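See below for the structure under consideration.
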Amino acid sequence: MSPRRNRPRRDETAHLDSERARQGVASVQQWRDGDWQVRGISGGASVKTYRCPGCDQEIRPGVAHVVAWPADGRGDLTDHRHWHSGCWRARDRRAPIVQRGRGAPRYG
């Protein structure tokens with residue numbers, strides 16, 4: 001005699017979408033410069049190198065980070081920006097990044 005099964009059987013259609021689990025779920029965040037759609041990217045889902053607009057450093061493959069784009073819906077994929085998670089949280093406290101050449105003076 002086998003024991004009674006107390007757990008309900010899972011429906012085959014109620015499975016978790018693996019792509020959505022890897023890419024995260026977008027949420028809307030309000031900042032001084034407007035509303036932004038923000039999605040967290042896990043380290044396993046990160047397969048390319050990106051440049052963080054907050055610190056101008058590379059985000060290497062395998063590093064968890066966030067992707068942000070305007071929430072107004074008027075943009076396209078070119079409006080997506082990949083940020084280090086800490087840079088995104090601190091972006092109101094940072095000065096704008098100034099692009100300089102290697103030979104330019106560092107301060108001034």
Side-chain angles (χ1 to χ4, degrees):
M1 182 178 209
S2 61
R4 186 175 142 215
R5 184 182 186 109
N6 290 329
R7 292 173 295 213
R9 294 180 187 247
R10 291 186 181 230
D11 186 12
E12 293 298 323
T13 61
H15 70 284
L16 181 63
D17 183 15
S18 63
E19 187 64 25
R20 188 172 179 185
R22 283 181 5 134
Q23 296 294 332
V25 178
S27 64
V28 176
Q29 294 183 8
Q30 295 177 340
W31 292 81
R32 282 189 273 178
D33 58 349
D35 293 346
W36 294 86
Q37 289 274 351
V38 180
R39 176 179 292 152
I41 303 294
S42 68
S46 176
V47 294
K48 290 173 46 180
T49 300
Y50 300 99
R51 174 98 30 205
C52 176
C55 64
D56 199 35
Q57 299 295 314
E58 288 184 347
I59 302 172
R60 297 285 184 143
V63 175
H65 61 281
V66 297
V67 179
W69 64 96
D72 59 13
R74 287 183 275 159
D76 57 5
L77 284 177
T78 60
D79 293 325
H80 286 78
R81 296 289 178 261
H82 294 254
W83 293 72
H84 289 110
S85 300
C87 293
W88 176 255
R89 287 189 302 267
R91 68 191 205 104
D92 275 349
R93 298 185 302 267
R94 292 177 180 239
I97 297 293
V98 177
Q99 299 288 331
R100 294 186 173 94
R102 289 184 180 255
R106 191 153 175 90
Y107 302 100

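Below, each value reflects all heavy atoms present in this structure, side chains not excepted, and no hydrogens, waters or symmetry copies. Being a predicted model, the structure only gives us computed values, none of them experimental.
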(message) For a quick test of reading the model, state the closest non-hydrogen atom pair linking Trp83 to Cys52 and the distance between them.
(response) CA-SG, 3.9 Å
(request) Please go through Tyr50's hydrophobic cluster and name the other residues, only I, L, V, M, F, W, Y counting, with side-chain heavy atoms under 4.5 Å joining them. (result) Ile59, Val63
(request) Drop me the distance from Arg39's CZ to His80's NE2, to the nearest 0.5 angstrom. (result) 6.5 Å
(request) State, with a plain yes or no, whether a side-chain heavy atom of Pro61 is found less than 4.5 Å away from one of Val47. (result) no
(request) Output every pair passing side-chain hydrogen bond (donor to acceptor under 3.5 Å, both in side chains) with a member in residues 57-69, not counting sequence neighbours, ordered by first then second residue. (result) Glu58-Arg60, His65-His82
(request) For Arg89 and Arg93, work out which heavy atoms get closest and say how close. (result) O-NH1, 3.9 Å
(request) Kindly give the heavy-atom pair with the smallest separation between Ala64 and Ser85, and that separation in Å. (result) O-OG, 4.2 Å
(message) Using a 3.5 Å distance criterion without hydrogens, assess whether the side chain of Arg81 forms a donor-acceptor pair with backbone atoms of Ala68.
(response) no
(message) Using only atom types and a distance under 3.5 Å, with no angle test, would you say the side chain of Arg32 pairs donor to acceptor with the backbone of Asp92?
(response) yes
